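So that we are looking at the same thing, I have put the structure below in structure tokens.
Quantities reported herein were computed from a predicted structural model and do not represent experimental measurements. Throughout, numbering of the chain's residues begins at 1 and tracks the sequence.
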Amino acid sequence: MTVDVCELVRLRSHRPEAIAEAAARRPRRPLLNDNGRLMIVAADHPARGALGVGGRSMAMANRADLLERLCLALSRPGVDGVLATADILDDLLLLGALDHKVVMGSMNRGGLQGASFELDDRFTGHRPEDIERLGFDAGKLLLRIDYDDPGSLTTLESTARAVDAMAARKLPVFVEPFISRRDETGRLRNDLSAEAVTRSIAIASGLGGSSAYTWLKVPVTADPDDMAEVMAASTLPAVLLGGEVGDDQDGAYEKWRGALQLPTVRGLVVGRSLLYPADGDVAAAVDTAVGLL
């Protein structure tokens with residue numbers, strides 16, 4: 001698909017209500033199909049100022065290019081849906097790319113990449129009421145916890161209230177937890193050791209007054225062999241976070257393949273590594289990831 005930016009701008013300028021109309025008529029599907037697996041393409045990075053992929057610092061800065069890559073990914077067999085912020089999902093609605101797809105709204109994007117307030121990741125994206133109003137299928141939130149930052153308690157509380165609000169609407173919410181800390185240069189790092197990932201899963205699983213609609217979105221640990229023990233920390237259904245994979249795409253696939261065999265792991269949520277693969281072949285990268293399921 002070639003994205004007509006002029007047409008998108010015309011609709012946004014003259015008929016902004018077209019977005020809500022497209023959402024209202026969008027054919028929906030269950031969160032899980034008969035195979036019980038999920039393959040979601042993620043594109044919520046730009047709203048956190050995270051535009052880089054590998055060595056390309058502004059790879060995701062061209063919106064038309066990003067939308068074309070997303071439409072291609074969503075058209076591939078076995079791709080269930082997309083995770084994105086309102087601006088991107090609104091464009092995809094106008095393009096008709098979300099019919100019969102799982103649509104996940106990204107809820108907290110306030111912790112801008114590299115900012116002094118990066119851990120103060122406030123809920124500046126989709127609210128539970130927005131996800132319900134637009135007929136979307138789920139929400140996703142990021143939960144980074146720094147034991148040395150007292151502000152993490154506020155993050156935990158706001159996350160718990162978001163879990164409550166989603167459960168009250170019977171809407172799934174995917175919680176992406178990390179134990180994080182700043183290095184000697186002040187840059188925020190996520191701890192992918194088995195102990196840290198296990199601890200983050202245990203904390204995230206207990207947030208809110210009900211876990212009935214809570215899913216986990218978890219990274220593969222630094223040592224993939226630790227994943228079986230790590231995932232034993234919770235009975236909540238989980239999807240794997242793709243994250244940055246660098247040039248070793250095949251190595252990433254192997255890590256995902258092993259973890260996908262675990263009983264609580266139900267699928268993949270992958271973004272930049274599929275939309276901007278090193279060899280430029282989006283369709284082949286997506287098809288390979290789907291094949292892992």
Side-chain angles (χ1 to χ4, degrees), residues 1-44 47 63-64 66-107 125-141 165-174 212-215 217 237 239 266-271 274-275 282-283 285-287 289-291 293:
M1 175 185 289
T2 299
V3 171
D4 186 342
V5 173
C6 291
E7 178 61 13
L8 285 176
V9 174
R10 187 192 68 79
L11 285 170
R12 284 179 171 276
S13 302
H14 295 279
R15 294 196 64 249
E17 65 275 12
I19 293 170
E21 292 168 1
R25 66 174 178 265
R26 180 180 74 90
R28 296 181 64 180
R29 51 153 279 180
L31 180 70
L32 295 175
N33 279 329
D34 292 342
N35 65 4
R37 294 291 207 170
L38 268 180
M39 176 67 213
I40 302 293
V41 179
D44 58 344
R63 182 52 55 88
L66 172 58
L67 290 171
E68 288 173 0
R69 291 169 183 267
L70 279 168
C71 289
L72 174 57
L74 286 166
S75 73
R76 303 305 297 172
V79 174
D80 293 292
V82 63
L83 159 65
T85 46
D87 55 333
I88 293 174
L89 292 182
D90 289 347
D91 281 339
L92 291 174
L93 281 169
L94 293 174
L95 292 168
L98 299 181
D99 291 358
H100 303 291
K101 296 295 181 181
V102 172
V103 182
M104 297 172 57
S106 188
M107 301 174 72
H126 284 102
R127 301 167 299 174
E129 54 263 43
D130 298 322
I131 295 170
E132 180 181 47
R133 170 177 51 84
L134 291 164
F136 292 164
D137 306 292
K140 172 260 180 181
L141 58 87
M166 292 292 282
R169 293 168 170 80
K170 298 182 179 180
L171 287 169
V173 59
F174 289 68
Y213 293 90
T214 304
W215 286 59
K217 181 171 178 270
V239 291
R266 310 309 302 162
L268 283 167
V269 178
V270 189
L274 298 186
L275 294 173
V282 175
V286 171
D287 292 349
V290 169
L293 299 175

Is there a donor-acceptor pair closer than 3.5 Å between any side-chain N or O of E68 and the backbone N or O of T2?
no
So salt bridge (charged side-chain N to carboxylate O under 4.0 Å, His left out) across residues 132-141, not counting sequence neighbours, yields R26-D137, R28-D137, D44-K140, D130-R133, E132-R169, K140-E176
Where do R63 and D87 land on the side chain to side chain contact (heavy atoms under 4.5 Å, CB included) test, with the steps shown first?
CA-CA 10 Å; R63 182 52 55 88; D87 55 333; 3.0 Å; yes
Residue pair L92 / C71, side-chain heavy-atom distance below 4.5 Å
yes
Give me the one residue out of V270, V41, L72, V286 that meets side chain to side chain contact (heavy atoms under 4.5 Å, CB included) with L275.
V41
For the pair D80 and R37, find out whether any cationic side-chain nitrogen is under 4.0 Å from an anionic carboxylate oxygen.
no
Which side-chain N or O atoms in residues 93-104 pair as donor and acceptor under 3.5 Å with protein atoms at least two apart or in another chain?
unit_1, atom_1, unit_2, atom_2, d
K101, NZ, L74, O, 2.9
K101, NZ, V79, O, 2.8

Gap separating the CG atom of L11 from the CD atom of E17, nearest 0.5 angstrom:
9.5 Å
In short, M39 meets A289 closest at the heavy-atom pair CE-CB, 4.0 Å
Could you give the distance from CG (L38) to CH2 (W215), rounded to the nearest 0.5 Å?
5.0 Å
Heavy-atom side-chain proximity of I40 to L268 below 4.5 angstrom:
no
Flag side-chain contact, heavy atom, 4.5 Å: M107 against V173:
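A side-chain contact exists here, since the closest heavy-atom pair is under 4.5 Å.
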Contact check, side chains of F174 and L83, non-hydrogen atoms, under 4.5 Å
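They are not in side-chain contact.
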Between the CD1 atom in I19 and the CG atom in D91, the distance rounded to the nearest 0.5 Å is 7.5 Å
